[in-house]
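Beneath this line is the structure, given in structure tokens, with notes to follow.
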Amino acid sequence: MNRRPEVLVDEATLAQRVGELAEQISRDYAEARELYLVGVLKGAFIFLADLCRRLTVPHRVDFIAISSYGESMTSGDIRLVMDLRSSIEGRHVLVVDDIIDTGATLDHLMDLLRARRPASLRSCILVRKDKERHVGVESDYLGFDIHDVWVVGYGLDHADRYRTLPYIGVLPARESSSSDPGN
Ligand code: IMP
Ligand code: MG
């Protein structure tokens, strides 16, 4: 247990890409009065913290927590654990999340938030796995495309561990074989 994950995306590459995303977002929202960032707990907390400090547009930060169950997950199996503090009606909302695996979580979350009638709604995702099972939801801003491996670090977990690794790593096969109970 707790063997050191192999580096997939190192710290310097992460910092560089997060800076590029922040620049692009700042450019795109230059005309917006204020950007409303929605971090998806827990996985997005480090990515969001780094991203928002590089933005040059006015913004607020809020969090939402959802939990998903097991492998055979459909949108219906996703539960809202903690809601936003404020109404997003009429606001420019940018959802910040850690990963698109099947895409079911993001798909469900975007539907949920769209129903609250924000002025605009986009997503910024740190990593996306290249797999056939994507439900079709696309991110507006994407950090990295990766292969279909279990990644940890920089907010991402396995059974709620490894989140504070400063890089994105891949677990040795033996440890990544059980399913993910954390978010
Ligand atoms: P979805 O399949 O896109 O709905 O992803 C569901 C959730 O599973 C994500 O939000 C993550 O919390 C988690 N997840 C999926 N793949 C990974 C991974 O490689 N590392 C850590 N968490 C993951
Ligand atoms: Mg997550």
Side-chain angles (χ1 to χ4, degrees), residues 1-11 13-14 17-18 21 37-51 62-84 93-115 121-183:
M1 292 294 264
N2 271 321
R3 277 172 54 203
R4 197 170 170 78
E6 193 186 309
V7 177
L8 184 67
V9 184
D10 65 29
E11 285 185 71
T13 309
L14 276 168
R17 188 73 190 117
V18 171
L21 288 171
L37 298 168
V38 171
V40 185
L41 294 175
K42 300 178 192 175
F45 82 116
I46 290 176
F47 177 40
L48 175 63
D50 284 348
L51 183 76
D62 202 348
F63 292 97
I64 198 165
I66 49 186
S67 85
S68 42
Y69 299 110
E71 289 271 291
S72 63
M73 185 184 59
T74 63
S75 302
D77 300 325
I78 294 164
R79 192 166 55 95
L80 185 61
V81 173
M82 187 194 83
D83 207 341
L84 300 171
V93 173
L94 181 64
V95 171
V96 180
D97 204 358
D98 53 358
I99 191 163
I100 294 183
D101 185 358
T102 64
T105 306
L106 182 65
D107 192 42
H108 177 78
L109 183 59
M110 296 302 269
D111 284 350
L112 183 103
L113 297 179
R114 200 174 292 113
L121 179 64
R122 289 184 182 171
S123 62
C124 177
I125 312 293
L126 180 64
V127 289
R128 177 178 61 182
K129 293 189 189 179
D130 63 345
K131 59 163 60 175
E132 304 291 314
R133 295 189 289 131
H134 280 152
V135 294
V137 65
E138 292 294 334
S139 58
D140 298 285
Y141 304 96
L142 176 67
F144 303 94
D145 264 315
I146 63 165
H147 293 304
D148 188 8
V149 289
W150 196 267
V151 284
V152 295
Y154 202 67
L156 290 149
D157 73 305
H158 177 254
D160 217 22
R161 300 199 314 274
Y162 302 105
R163 288 194 199 277
T164 57
L165 274 183
Y167 60 91
I168 296 178
V170 181
L171 278 186
R174 205 161 36 82
E175 272 198 58
S176 60
S177 55
S178 63
S179 68
D180 166 45
N183 257 285

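Worth knowing before you read on, the calculation uses all heavy atoms, side chains too, and leaves out hydrogens, waters and symmetry mates. Read the numbers this way: they start at 1 and go in the same order the structure lists the ligands and their atoms.
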Under a 4.0 angstrom heavy-atom cut-off, which atoms of ligand 1 come close to [X]?
X: Ile100; answer: 3 (O)
X: Val149; answer: 19 (O)
X: Ala104; answer: 3 (O), 4 (O)
X: Asp101; answer: 1 (P), 2 (O), 3 (O), 5 (O), 15 (C), 16 (N)
X: Thr102; answer: 1 (P), 2 (O), 3 (O), 4 (O)

Aromatic ring pairing Tyr154/Phe47, orientation class (parallel under 30°, perpendicular over 60°, tilted between): tilted
Close approach of Gly103 to ligand 1, heavy atoms, under 4.0 angstrom: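 It does, in that a heavy atom of Gly103 comes within the 4.0 Å cut-off of ligand 1.
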Ligand 1-proximal atoms of Lys129, by part, heavy-atom distance under 4.0 Å: side chain
Nitrogen or oxygen of Val152 less than 3.5 angstrom from that of ligand 1: no
Nearest non-hydrogen partners of Val152 and Tyr162, listed with the distance: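 In this case the closest contact between Val152 and Tyr162 is CB-CB, 3.6 Å.
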Nearest-0.5 Å distance that lies between atom CG in Asp145 and atom NZ in Lys129: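 The NZ atom of Lys129 is 12.5 Å from CG of Asp145, to the nearest 0.5 Å.
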Would you say that [X] contacts [Y] through its side chain, given a criterion of any heavy-atom pair below 4.5 Å between the two side chains?
X: Leu14; Y: Leu126; value: yes
X: Val40; Y: Thr105; value: no
X: Val9; Y: Val127; value: no
X: Ile66; Y: Val81; value: no

The one among Leu156, Val151, Asp157, Ile146 that brings a heavy atom closest to atom 20 (N) of ligand 1: Val151
